[in-house]
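For reference, the structure is listed below as structure tokens.
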Protein chains: 2
Amino acid sequence: MARIPASERRAALVQAALRVVSQRGIAHATTRAIVAEAGMSLASFHYAFDSRDELIDELITTVVAREQEAVLPDDLQGHDIRDMLEAGLLRYFDHLRADPEHEQAMLELTQYALRSPDRHPLAVAQYARYTELGARSLAAAAELAGVVWTTPVEQVARVLIAFTDGLTLTWLVTRDDDVARAVAHAAADALSRMAEPR
Amino acid sequence: MARIPASERRAALVQAALRVVSQRGIAHATTRAIVAEAGMSLASFHYAFDSRDELIDELITTVVAREQEAVLPDDLQGHDIRDMLEAGLLRYFDHLRADPEHEQAMLELTQYALRSPDRHPLAVAQYARYTELGARSLAAAAELAGVVWTTPVEQVARVLIAFTDGLTLTWLVTRDDDVARAVAHAAADALSRMAEPR
DNA sequence: ACTGAAGTGGGACGATCGTCCCAGTCGCAT
DNA sequence: ATGCGACTGGGACGATCGTCCCACTTCAGT
């Protein structure tokens, strides 16, 4: 094995861990499975990380921090706020369909974090991040559509997150595209009612 | 240990397994943890079940089959369909708040089933059951409110399930009651638009 | 009372887990 | 070139996992 500084190994191991979690689930993301995916020896793992828990924590943090352009539509389209919201949700749905395993992994990581008091804050931070990204999109969309949110935009964002979560979970189980689109439509409908003309 | 027929042991073990999964997560639901919860010896486990997988499968099946009155409101109240839906969703939310661990367990079992090709049908069946219960409620509500669904009621039910899933997941992480209520309100709003006066 | 089936308990199995140790090797500063 | 710290590889550890075995006890039918 080539000689690689520990900091780079950490990054490589985190990426390998994400691939393992995506493909086989967090239960199978053992230290041996992760180093095999990364093409390293077992000792390299504990040279870069003190423990598996530390790796998982960093995995969650990393993956949440980089959750950006995926959900954030860069070009808002549609002639009114409702259309914009639906377009945004459908865009997210395309992202979900393109890489279902990734969203499933995110879901598993959340549940995993929820099960340990130490890690619970990570799950909360994950949702705070989602809310922040959602609020930013919602504010931009309202600006473009010439409307104002009648509820604080963070609150609207949290409802948006709940809707996308529901869409994700349901589609991951049923793989029913029509239902997912119906959810996007209904969600956009409901959210648009939280805004009024400026 | 008292002598108990294998069939009763199976039921007792399933109940014990549900308690363990609820309290500590499916990852900690080992054969030893389950028999300890049930107050049995390890041998009794493999006398009643061929394998742990068999127990988990039966746990999922059992717990889904009995998912009835929890979500199904027996007394629909509200003067129009929108109010009825919101009342129903809030009722579900009360149920969620009363026993968060149970819903978290259901979520984990779904994800667990999703990870194995053999068990995938169990997750699908779980959602089919949810849809069936949802459709029944929606049909009853429409009847009472004097409206008809403009979309097939099963389709509406699937959207309803997605919304409740989102509400559940978000609340389990954030424990924000206000957001959950806002989600219920918005979801009822959106769903009610899928109906029109008869 | 006798027998066979049903149920029980404890201990053990091989596999796999996270972690650790240590001898060895590389690269860089001196 | 040489020494030292950074890094590597293989093998091992104790713990825990699912499962199994077997001697034993209880109960129902005769």
Side-chain angles (χ1 to χ4, degrees), chain A residues 1-21 23-60 108-109 111-113 115-119 122, chain B residues 1-21 23-60 108-109 111-113 115-119 122:
Chain A
M1 197 65 206
R3 284 183 106 69
I4 300 174
S7 62
E8 289 180 27
R9 283 225 185 261
R10 286 178 72 97
L13 282 166
V14 167
Q15 290 314 305
L18 179 58
R19 287 196 298 274
V20 173
V21 173
Q23 287 164 21
R24 305 210 282 136
I26 196 169
H28 295 100
T30 66
T31 54
R32 284 167 176 82
I34 292 168
V35 298
E37 175 70 29
M40 301 181 189
S41 80
L42 206 43
S44 298
F45 185 103
H46 284 282
Y47 186 78
F49 289 97
D50 282 343
S51 67
R52 193 191 90 115
D53 283 353
E54 191 185 320
L55 185 263
I56 298 292
D57 287 356
E58 186 155 319
L59 170 59
I60 296 177
E108 280 191 36
L109 288 173
Q111 303 244 32
Y112 183 77
R115 279 299 179 186
S116 151
D118 295 343
R119 254 180 291 270
L122 290 177
Chain B
M1 196 64 205
R3 285 180 105 71
I4 299 174
S7 62
E8 289 179 27
R9 283 226 186 260
R10 285 177 73 97
L13 282 166
V14 167
Q15 291 312 307
L18 179 58
R19 288 195 298 273
V20 173
V21 173
Q23 287 163 21
R24 306 209 281 138
I26 197 169
H28 295 101
T30 65
T31 55
R32 284 169 177 80
I34 292 169
V35 298
E37 174 70 28
M40 301 182 189
S41 80
L42 207 43
S44 296
F45 185 103
H46 283 283
Y47 187 79
F49 289 97
D50 282 343
S51 68
R52 192 192 92 114
D53 282 354
E54 190 185 320
L55 186 262
I56 298 294
D57 286 357
E58 186 154 318
L59 170 59
I60 297 177
E108 281 192 35
L109 289 173
Q111 303 245 33
Y112 183 79
R115 278 301 179 185
S116 149
D118 294 344
R119 255 180 289 271
L122 289 177

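In what follows, every chain begins at residue 1, and chains take the letters A, B, ... in the order their sequences are listed.
The distance between atom CG of B:D50 and atom P of D:dC21, rounded to the nearest whole Å, is 12 Å. Computed from coordinates, the B:I56 CD1 to D:dC17 C1' distance equals 14 Å when rounded to whole Å.
Nearest-nucleotide assignment on DNA chain C puts the 5′-proximal partner with B:P5, out of A:F45 and B:P5. Each of B:A29 and A:Y47 lies near DNA chain D, and the nucleotide nearest A:Y47 is the one positioned closer to the 5' end.
For B:E54 (side chain) and B:D50 (main-chain N/O), a donor-acceptor pair under 3.5 Å exists by modelled atom type.
B:S41 has no side-chain polar atom (N or O) that falls below the 4.0 Å cut-off from OP1 or OP2 of C:dG10. Neither OP1 nor OP2 of C:dG18 sits under 4.0 Å from any side-chain N or O of A:S51.
Not a single donor-acceptor pair, N or O on each side, falls under 3.5 Å between the base of C:dT19 and the side chain of A:R52. Residue B:R32 places no side-chain atom within donor-acceptor reach of the base of D:dT16, judged by atom type and a 3.5 Å distance cut-off alone. Judged by distance alone, with hydrogens and angles left aside, B:R3 brings no side-chain donor or acceptor close enough to the base of D:dC27 to form a pair under 3.5 Å. For C:dG7, the base has no donor-acceptor partner in the side chain of B:R9 [N/O atoms by modelled type, under 3.5 angstrom].
Every residue meeting the salt bridge (charged side-chain N to carboxylate O under 4.0 Å, His left out) condition with B:R115, not counting sequence neighbours, appears here in chain and number order: A:E108.
Within the 4.0 angstrom heavy-atom criterion, only backbone atoms of the sugar-phosphate kind lie near B:T30; the bases stay farther away.
Across its full length, the helix from C:dA1-D:dT30 to C:dT30-D:dA1 shows an angle of 0° between the axes of its 5 terminal pairs at either end, rounded to 10 degrees.
The two residues A:I26 and A:R52 make their nearest non-hydrogen contact at O-NH1, 4.1 Å.
A heavy-atom distance below 4.5 Å is found between the side chains of A:R10 and A:F49.
Taking the side chain of B:H46 as heavy atoms from C-beta on, and the options C:dT8, D:dG11, D:dG18, the nearest nucleotide is D:dG18.
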